[in-house]
Amino acid sequence: MIALALHGVGHAQATDKRLGQSLALPRNKLPSLDTRHSQLATRHSQLATRNSPLRKKMTNSQLADTLDLLADLLEFQGANSFRTRAYRNGSRTIRNMTESLATLVADSKDLTEIDGIGKSVAGKCQTLIETGSLPQLEELKEQIPQSVLAILRIPGLGPKKAAALYNELGISTLDQLKEACEAEKVRELKGFAAKTEKAILEGIQFAASAGQRIYWSKANELVEELREHMNSCKAIKQMEFAGSYRRGKESVGDLDILVDSKDANKVMDHLVEHSRVADIMVRGETKMSVRLDSELQVDLRVVPEESFGAALQYFTGSKEHNVVVRGRAKKMGLLVNEYGVYRSESDAEDGGLGESIAGATEKEVYEALELPWFPPELREARKEFEWAESDDLPELIQLSDIRGDLHMHTTATDGKNSIREMVDAARKRKLKYIAITDHSQRVSMAFGLDPDRLRQQWTEVDEVNDELGKSFTVLKGIECDILEAGGMDLPDDVLAEADWVLASIHYGQKQSMQQITDRILGAIENPYVTAIAHPTGRIINKRESYAVDLDQVFKAARKHGKLLELNANPARLDLNDIYCAAAKSHGIPIVINTDAHHTGGMDVMQFGILQARRAGLTAADVANTRTWPQMKKMLPARVAT
DNA sequence: GCCGTTTTCGGCCCGACTGTTTTCAGTCG
């Protein structure tokens with residue numbers, strides 16, 4: 001039901017709606033620019049609530065959020081930029097870790113042994129985990145209204161300028177800033193002038209409404225559109241979309257187009273001709289930024305052929321990956337920039353760069369640094385350099401490795417197609433087996449199945465299998481709810497007749513971590529459950545994960561031989577990349593499923609694959625790359641009978 | 001604030017673009 005509802009609330013629609021509302025209202029009825037402040041304030045108060053000692057375990061993501069907030073506020077105060085960077089590095093490290101920091105602290109492990117975490121950050125994390133709050137942060141919050149953070153989102157305003165506005169004019173909200181610009185007060189400050197005022201007024205509405213990242217799937221649609229448009233530009237020799245899009249990140253904040261051309265102006269003019277381009281933010285000789293009608297920013301960069309690989313490497317990122325790459329280069333006496341790799345010794349005298357030793361392709365750039373070419377999905381400065389060091393880069397899973405899809409719905413509940421239609425769609429996608437997993441009775445809004453209706457459906461599955469013969473297999477499955485009070489929504493004797501039982505949480509998502517974790521552990525211990533579907537319940541950009549202690553879930557899944565799902569719905573991608581990597585490190589097989597509610601829904605498998613690649617998963621790590629008979633052997637004994 | 005195959009102190013990735021300047025700071029990616 002939830003997945004079905006999602007089809008209607010894509011980001012573009014939400015944005016269009018917001019825009020439409022804004023435009024339709026008279027100017028004096030415009031929604032307050034401070035809406036975002038209150039959202040920020042809510043977020044921070046949520047953080048504060050989450051930090052309360054009543055909460056048992058602080059998650060890595062909460063700790064990372066807190067460190068980021070600390071960095072934001074310190075930066076605003078004019079703190080040493082290397083210090084704030086250290087906090088952000090610490091935050092990123094923690095966010096990327098597969099083990100829970102709270103567990104490490106509970107086990108009396110030394111956090112400073114983690115790369116990038118020193119005495120100070122370790123101490124802060126320990127305090128946060130043990131007490132739920134951080135005195136230094138509380139103090140900062142009293143000194144600086146957090147609404148100033150919204151001002152930092154205005155393009156062109158960074159910590160220095162925002163601090164000047166706050167210190168000189170007492171501006172701490174977007175509304176105050178707008179008033180001051182209109183009264184021409186801002187131009188009186190040093191470093192500001194009329195043009196800046198104008199830019200602020202233009203950027204202020206953008207800051208109030210934008211900042212939302214779009215799903216990778218939506219970004220992909222825009223990329224396809226732009227690619228087709230740009231392909232007709234004769235001046236382009238090579239073109240790639242770089243950035244987080246190329247890395248397959250679950251959400252994308254902007255698009256980066258990299259072009260190899262001798263005529264940058266022609267390429268820029270061509271992009272501007274696209275009907276979606278709403279305005280030009282900056283335009284230089286080789287670089288242009290435009291805003292699309294959907295408010296998404298697109299950066300275009302034009303480089304010569306001999307630099308295309310270096311530029312592609314550079315603009316693909318991530319930033320953190322590049323920091324490591326450049327640091328490594330430096331140690332080797334080399335300089336890496338977006339134009340190539342250079343020997344750096346000769347740059348002092350002639351003012352130019354040293355001898356260029358690479359740049360045309362990414363491969364030769366990495367080779368010059370004695371590194372293998374990294375698949376973009378791995379370029380997050382997580383494990384990739386470690387793997388490269390030991391010559392152990394994983395051979396990442398591909399869409400064509402997938403043989404079965406084990407989570408989908410039909411007209412029996414909230415799906416749009418019949419079993420036979422789902423079979424046809426699966427066969428068109430070269431799959432060999434599927435599991436029909438409609439909702440169980442608790443999901444009444446989706447007309448969930450009771451034991452009678454479920455057994456009736458299984459009779460139909462038998463009929464379909466008879467028709468299909470050996471060429472394709474339909475499994476008798478169920479997506480059985482884990483009840484609020486614990487326990488499964490269908491009796492064991494029914495579940496025992498299934499080939500494949502997904503257990504999932506749809507209700508009681510607000511419960512405490514202990515309650516939710518206990519419910520999931522109960523499901524894992526049920527002998528008939530084969531996998532946990534969308535294990536954290538998060539909806540990207542819309543709903544936080546429910547509170548669940550995944551350390552315990554991983555241990556239990558490992559012990560009882562259960563699988564964990566990577567739900568490929570682009571709004572879910574649950575488990576995410578970090579947790580998929582954690583599951584792998586616990587030896588738990590992942591099953592990537594589409595949760596299709598109609599035949600076209602099976603196309604989302606590609607998004608799950610991208611996420612799995614980001615986790616460093618190989619075909620062997622993913623259960624449904626196997627044939628069904630092979631896969632059955634991985635399941636607890638009773639299903640294999 | 002973090003870190004060490006030059007370093008326990010002195011570095012910390014690098015360049016484009018803009019606006020406000022009159023040689024550069026701030027911002028961005």
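We name chains A, B, ... by the order of the sequence lines, and we start the count at 1 in each one. Just so we're clear, the structure is a prediction, and the values are computed from it rather than from any experiment.
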Exercise. Can you give one letter per nucleotide of nucleotides 19-29 of chain B, 5' to 3': B if a protein heavy atom sits under 4.0 Å from the base, S if only from the sugar-phosphate, - if neither?
Worked result: SSS----SSSB
For this session: List for me each residue that meets ring pair (Phe, Tyr, Trp, His ring centres under 6.0 Å) alongside A:F385, sequence neighbours excluded, and say none if there are none.
Result: A:H321, A:F374
Exercise. Applying a 3.5 Å limit to both distances, which nucleotide forms a Watson-Crick or G-U wobble pair with B:dT8?
Worked result: none
Exercise. If you measure from the C1' atom in B:dC12 to the same atom in B:dT18, how many Å do you get, rounded?
Worked result: 26 Å
Exercise. Does the side chain of A:E225 come within less than 4.5 Å of A:H274's, by heavy atoms?
Worked result: yes
Exercise. Say you pick atom P in B:dG11 and the same atom in B:dT6; how far apart are they, in whole Å?
Worked result: 16 Å
Exercise. What interatomic distance, in whole Å, is found between P of B:dC3 and the corresponding atom of B:dC13?
Worked result: 14 Å
Problem set entry | Length of the line joining A:R85:CZ and B:dG11:C1', which is rounded to integer Å | 11 Å
Exercise. Rounded to the Å, how far apart are A:R88 CZ and B:dG1 C1'?
Worked result: 13 Å
For this session: On DNA chain B, check which nucleotide each of A:G327 and A:R83 is closest to and give me the residue with the more 5' one.
Result: A:R83
For this session: Round to a whole Å and report the spacing from CZ of A:R92 to C1' of B:dC13.
Result: 14 Å
Exercise. With sequence neighbours left out, what residues match A:W373 under side chain to side chain donor-acceptor pair (under 3.5 Å)?
Worked result: A:E362
Exercise. B:dC28 and B:dT22: how far apart are their P atoms, nearest whole angstrom?
Worked result: 23 Å
For this session: Would you classify A:V324 as touching base, sugar-phosphate or nothing, given that sugar-phosphate means primed atoms plus P, OP1 and OP2, and contacts are heavy atoms under 4.0 Å?
Result: nothing
Exercise. Which whole-number value in Å describes the distance from A:Q77 CD to B:dG1 C1'?
Worked result: 16 Å
Exercise. For A:N80 and B:dC12, what is the distance between atoms CG and P respectively, to the nearest whole Å?
Worked result: 13 Å
Exercise. What's the OH-C1' distance between A:Y339 and B:dC14, to the nearest Å?
Worked result: 11 Å
Exercise. What residues, two or more places apart in sequence or in another chain, satisfy side chain to side chain donor-acceptor pair (under 3.5 Å) together with A:D107?
Worked result: none
For this session: For the pair A:D110 and A:K119, find out whether any cationic side-chain nitrogen is under 4.0 Å from an anionic carboxylate oxygen.
Result: no
For this session: For B:dC14 versus B:dT7, give the span between their C1' atoms, rounded off to a whole number of Å.
Result: 23 Å
For this session: Between B:dG26 and B:dT20, how far apart are the P atoms? Round to whole Å, please.
Result: 14 Å
Exercise. Any side-chain heavy-atom pair from A:R276 and A:R291 closer than 4.5 angstrom?
Worked result: no
Exercise. Using atom C1' of each nucleotide, how far apart are B:dG4 and B:dT8 to the nearest Å?
Worked result: 8 Å
For this session: Return the value, rounded to whole Å, for the distance between atom CZ of A:F82 and atom C1' of B:dC9.
Result: 14 Å
For this session: Decide whether A:Q238 and A:D260 meet the rule of one side-chain donor and one side-chain acceptor closer than 3.5 Å.
Result: yes
Donor-acceptor pairs are to be reported for all side-chain atoms of residues 186-194 of chain A against protein atoms at under 3.5 Å, with residues two or more places apart or in another chain.
residue: A:R187; atom: NE; partner: A:E197; partner atom: OE1; Å: 2.8
residue: A:R187; atom: NH2; partner: A:E197; partner atom: OE1; Å: 2.8

For this session: Could you work out which one of B:dG1, B:dC17, B:dC13 sits closest to the side chain of A:K124?
Result: B:dG1
What pairs of nitrogen or oxygen atoms, one from the protein and one from nucleotides 2-4 of chain B, lie under 3.5 Å apart?
residue: B:dC2; atom: OP1; partner: A:G118; partner atom: N; Å: 2.8
residue: B:dC2; atom: OP1; partner: A:G118; partner atom: O; Å: 3.4
residue: B:dC2; atom: OP1; partner: A:V121; partner atom: N; Å: 3.2
residue: B:dC2; atom: OP2; partner: A:S120; partner atom: N; Å: 3.4
residue: B:dC3; atom: OP1; partner: A:G116; partner atom: N; Å: 2.6

Exercise. Has A:N322 got a side-chain N or O lying under 4.0 Å from the OP1 or OP2 atom of B:dC13?
Worked result: no
Problem set entry | Note, A:D65 side chain near A:L69 side chain (heavy atom, < 4.5 Å) | no
Exercise. Got a second to check how far A:D115's CG is from A:E386's CD, nearest 0.5 Å?
Worked result: 9.0 Å
